[in-house]
Amino acid sequence: MSDAESQARSATAALIRRYYEAFNAGDSDGMLACLTDDVIHDVNQGERRIGIDKFKAFNARMDHHYKEKLENVVVMVSKDGARASAEFNVHGVYKATDSGLPEAKGQTYILPAGTFFAIRDGKIARVTTYYNLTDWIAQVSG
């Protein structure tokens with residue numbers, strides 16, 4: 001691996017760690033600072049959102065309904081630093097009922113999840129998150 005590739009991988013890994021540190025701190029502005037203005041956000045079992053304003057609105061909605069912290073975050077980066085992924089466990093509290101989902105009563109849940117990233121010019125240009133919605137529903141319904 002060349003020095004340039006090694007530096008690109010290190011920079012991408014640091015960017016993804018900053019993104020998740022901001023998430024865990026409840027720092028939406030810190031998360032947004034890691035994103036391109038035209039970020040593509042592919043939500044698990046949801047629609048594609050494009051643009052930082054839509055990402056910000058999504059974060060606000062999530063903060064209203066859920067309190068989450070990510071643990072055991074493992075970041076993986078491609079050789080050239082242009083792609084990355086992270087695997088983690090979501091430890092959450094379902095605070096307020098979300099549209100089309102079971103009633104919220106302060107239920108807690110632990111959910112394995114993963115995210116794929118595309119990186120452009122030192123920022124995150126795409127965020128694609130996956131988790132098992134059926135598992136989450138079973139946890140908050142039981």
Trainee: Can you measure from NE2 (His41) to CD (Glu47) and round to the nearest 0.5 angstrom?
Mentor: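 Result: 11.0 Å between the selected atoms.
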Trainee: I'd like to know if Val90 and Ile16 are part of one continuous hydrophobic network [Ile/Leu/Val/Met/Phe/Trp/Tyr, side-chain heavy atoms within less than 4.5 Å].
Mentor: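 Yes, one cluster joins them.
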Trainee: Is there a side-chain contact between Lys123 and Tyr19 in this structure, where contact means two heavy atoms from C-beta onward sitting under 4.5 Å apart?
Mentor: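 No, side chains not in contact.
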Trainee: Using every non-hydrogen atom in the two residues, find where Trp136 and Pro102 come nearest and quote the distance to one decimal.
Mentor: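 Result for this residue pair: CZ3-CD, 4.1 Å.
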Trainee: Could you measure the distance from the OG1 atom of Thr97 to the NE2 atom of His64? Nearest 0.5 Å is fine.
Mentor: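 Result: 8.5 Å between the selected atoms.
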Trainee: Do Val39 and Phe116 belong to the same hydrophobic cluster, where Ile, Leu, Val, Met, Phe, Trp and Tyr are linked whenever their side-chain heavy atoms lie under 4.5 Å apart, directly or via other members?
Mentor: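 Shared cluster, no.
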Trainee: What's the spacing between Arg49 CZ and Ile40 CD1 if we round to 0.5 Å?
Mentor: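 With rounding to 0.5 Å, CZ (Arg49) is 13.5 Å from CD1 (Ile40).
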Trainee: When Thr115 is tested against each of Asn44, Thr129, Thr128 for side chain to side chain donor-acceptor pair (under 3.5 Å), which residue passes?
Mentor: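 Single pass found, and it is Thr129.
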Trainee: Quick one: closest heavy-atom pair of Ala82 and Asp80, and the distance?
Mentor: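 Of all heavy-atom pairs spanning Ala82 and Asp80, the closest is N-OD1, 2.9 Å.
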Trainee: Would you check, one step at a time, whether the test side-chain hydrogen bond (donor to acceptor under 3.5 Å, both in side chains) holds for Gln139 with Asp135?
Mentor: CA-CA 6 Å; Gln139 289 186 53; Asp135 180 17; 3.1 Å; yes
Trainee: Hey, what do you get for CD (Gln7) to OG (Ser10), rounding to the nearest 0.5 Å?
Mentor: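 Spacing of CD (Gln7) from OG (Ser10) equals 8.0 Å.
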Trainee: Looking only at non-hydrogen atoms, find the nearest pair between Ala96 and His65 and report the distance.
Mentor: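 Reported closest heavy-atom pair: O-ND1, 2.8 Å.
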Trainee: Do Val43 and Leu133 belong together in a cluster built from hydrophobic side chains that touch within less than 4.5 Å?
Mentor: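 Shared cluster, yes.
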Trainee: Say whether Ile124 and Met76 are linked into one hydrophobic cluster, either directly or through other cluster members, by side-chain heavy-atom distances under 4.5 angstrom.
Mentor: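 Cluster IDs for Ile124 and Met76 differ.
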Trainee: Using a 4.5 Å cut-off on heavy atoms from C-beta on, say whether the side chain of Asp38 contacts that of Arg120.
Mentor: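 Counting from C-beta outward, Arg120 and Asp38 do come under 4.5 Å.
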Trainee: Once salt bridge (charged side-chain N to carboxylate O under 4.0 Å, His left out) is applied, do any residues pair with Arg48, and if so which ones, sequence neighbours excluded?
Mentor: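 Here the qualifying residues are Asp42.
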Trainee: Please find the pair of heavy atoms, one from Thr134 and one from Asn132, that lie closest to each other, and give the distance.
Mentor: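 Answer, listing the atom of Thr134 first, then Asn132: N-OD1, 3.0 Å.
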Trainee: State which residues pass side-chain contact (heavy atoms from CB on, under 4.5 Å) with Gln107; sequence neighbours excluded, sorted by chain then number.
Mentor: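 Checked Gln107 against side-chain contact (heavy atoms from CB on, under 4.5 Å); matches are Tyr94, Ala104, Lys105, Val140.
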Trainee: Between Val127 and Phe117, is there a side-chain heavy-atom distance shorter than 4.5 Å?
Mentor: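 A side-chain contact exists here, since the closest heavy-atom pair is under 4.5 Å.
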Trainee: Hey, could you give me the CZ/NZ distance between Phe23 and Lys69, rounded to the nearest 0.5 Å?
Mentor: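 Here the interatomic distance stands at 11.0 Å.
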Trainee: Distance check, rounded to the nearest 0.5 Å: Tyr109 atom OH versus Ser141 atom OG?
Mentor: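 Going from the OH atom of Tyr109 to the OG atom of Ser141 covers 13.0 Å.
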Trainee: Taking all atoms of both residues into account, what is the closest heavy-atom pair of Ala84 and Thr12, and its distance?
Mentor: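 Of all heavy-atom pairs spanning Ala84 and Thr12, the closest is CB-CG2, 3.8 Å.
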Trainee: Counting heavy atoms not belonging to Asn24, are there more than 12 under 6.0 Å from its CG?
Mentor: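 Yes, because the 6.0 Å sphere around CG of Asn24 holds more than 12 heavy atoms from other groups.
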Trainee: Please check if the number of heavy atoms outside Arg83 that lie under 6.0 Å from its CZ is greater than 12.
Mentor: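 Counting neighbours around CZ of Arg83, 12 or fewer heavy atoms of other residues, nucleotides or ligands fall under 6.0 Å, so no.
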Trainee: Can you check whether Val77's main-chain N or O pairs, donor with acceptor, with Arg9's side chain at less than 3.5 Å?
Mentor: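 Checked: pair present.
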Trainee: Could you pull out every donor-acceptor pair under 3.5 Å between side chains of residues 51-63 and any protein atom, sequence neighbours left out?
Mentor:
from	atom 1	to	atom 2	distance (Å)
Asn59	ND2	Ser28	OG	3.3
Arg61	NH2	Asp98	OD1	3.3
Arg61	NH2	Asp98	OD2	2.8

Trainee: Does one hydrophobic cluster hold both Ile50 and Leu35, with members joined at side-chain heavy-atom distances below 4.5 Å?
Mentor: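 Cluster IDs for Ile50 and Leu35 differ.
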Trainee: Give me the atom names and distance for the closest heavy-atom approach of Pro112 to Tyr131.
Mentor: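 Where Pro112 meets Tyr131 most closely, the heavy atoms are O-CB, 3.7 Å.
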